[in-house]
Amino acid sequence: MITATAKSFFSKKRYRYLIYATTSVLFIGVLGFRLIEHWRWIDCLNYAVSTMVTTGNAGVIPKTDVGKMFNVFYMFTSVILILFFVNTISRYFHEMRKTQEIKYQRHKDMVEKHISNDGAH
């Protein structure tokens, strides 16, 4: 079920673009912290992801003014994007659930109609 759900999700262009945008912002964050702060790659990735998902990371913080300015830009951009991402995914699963409910109701109606038609003969 999860594989079919993921396949269905990625088959829609608007969702693929959201994945691309999120990955791009993450990449920009990692690269920006690497170039500006000269952190190790793993620290850049850790900080970029923890900032993106709004948990923060007190163990690694920008030291330079340029790094701090970049961080503010990155925080606003990534938090807005991740909130949009979570909202989009929740809407997708809500739509899937509604579609399944409609299919189930149609099937139920067909079975009931078939049963009532058989009983009339």
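Just so it is clear, the values below take in all heavy atoms, side chains as well, and ignore hydrogens, waters and symmetry mates.
A continuous path of ILVMFWY side-chain contacts below 4.5 Å connects Ile19 to Val49, so both sit in one hydrophobic cluster. Linking Ile, Leu, Val, Met, Phe, Trp and Tyr whenever their side-chain heavy atoms come within less than 4.5 Å leaves Leu81 and Val53 in two separate clusters. Residues Ile80 and Met52 are members of separate hydrophobic clusters, defined by side-chain heavy-atom contacts under 4.5 angstrom among Ile, Leu, Val, Met, Phe, Trp and Tyr. Residues Met75 and Leu31 do not share a hydrophobic cluster, clusters being chains of Ile/Leu/Val/Met/Phe/Trp/Tyr side chains in contact below 4.5 Å. The cluster map of Ile, Leu, Val, Met, Phe, Trp and Tyr, joined by side-chain heavy atoms under 4.5 Å apart, puts Val72 and Phe70 in different clusters.
Rounding to the nearest 0.5 Å places CZ of Arg97 at 11.0 Å from CD of Glu95. The CG atom of Asp65 sits 12.5 Å away from atom CG of Asn71, with the distance rounded to the nearest 0.5 Å. Here the NE2-CD1 distance, from His94 to Ile89, works out to 15.5 Å after rounding to the nearest 0.5 Å. To the nearest 0.5 Å, the span separating CG on Leu26 from OG1 on Thr51 amounts to 10.0 Å. Here NZ of Lys68 is found 13.0 Å from CD1 of Ile36. Values are rounded to the nearest 0.5 Å.
Pairs engaging residues 72-88 under the side-chain hydrogen bond (donor to acceptor under 3.5 Å, both in side chains) rule: none recorded [sequence neighbours left out]. Sorted by first and then second residue, the side-chain hydrogen bond (donor to acceptor under 3.5 Å, both in side chains) pairs involving residues 16-38 (not counting sequence neighbours) are Glu37-Thr64.
Taking Lys98 as the reference, Glu101 meet the salt bridge (charged side-chain N to carboxylate O under 4.0 Å, His left out) condition, with sequence neighbours excluded.
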Inset, instruction - Could you give me the CA-CA distance, side-chain angles and deciding distance for Val25 and Ile82, then say whether side-chain contact (heavy atoms from CB on, under 4.5 Å) is met? - result: CA-CA 10 Å; Val25 168; Ile82 205 72; over 6 Å; no

Legend entry - Candidate pair Tyr104 and Lys108, rule side-chain contact (heavy atoms from CB on, under 4.5 Å), full reasoning: CA-CA 6 Å; Tyr104 173 77; Lys108 183 179 168 187; 4.2 Å; yes

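Taking each heavy atom of Ile61 and Tyr47 in turn, the nearest pair found is CA-CE1, 4.4 Å. The shortest heavy-atom contact between Gly29 and Ala48 is C-CB, 4.2 Å.
Listed for the Ser116 side chain is a donor-acceptor partner under 3.5 Å among the backbone atoms of Lys113.
Using bins of under 30°, 30° to 60° and over 60° for the plane-to-plane angle, the ring pair Trp39/Phe33 lands in the parallel bin.
For the ring pair (Phe, Tyr, Trp, His ring centres under 6.0 Å) test with Tyr15, the passing option among Phe84, Phe93, Tyr92, Phe85 is Tyr92; the others fail.
A salt bridge is defined here as a Lys NZ or Arg NE, NH1 or NH2 lying under 4.0 Å from an Asp or Glu carboxylate O, and Arg106 with Asp109 fails to meet this definition.
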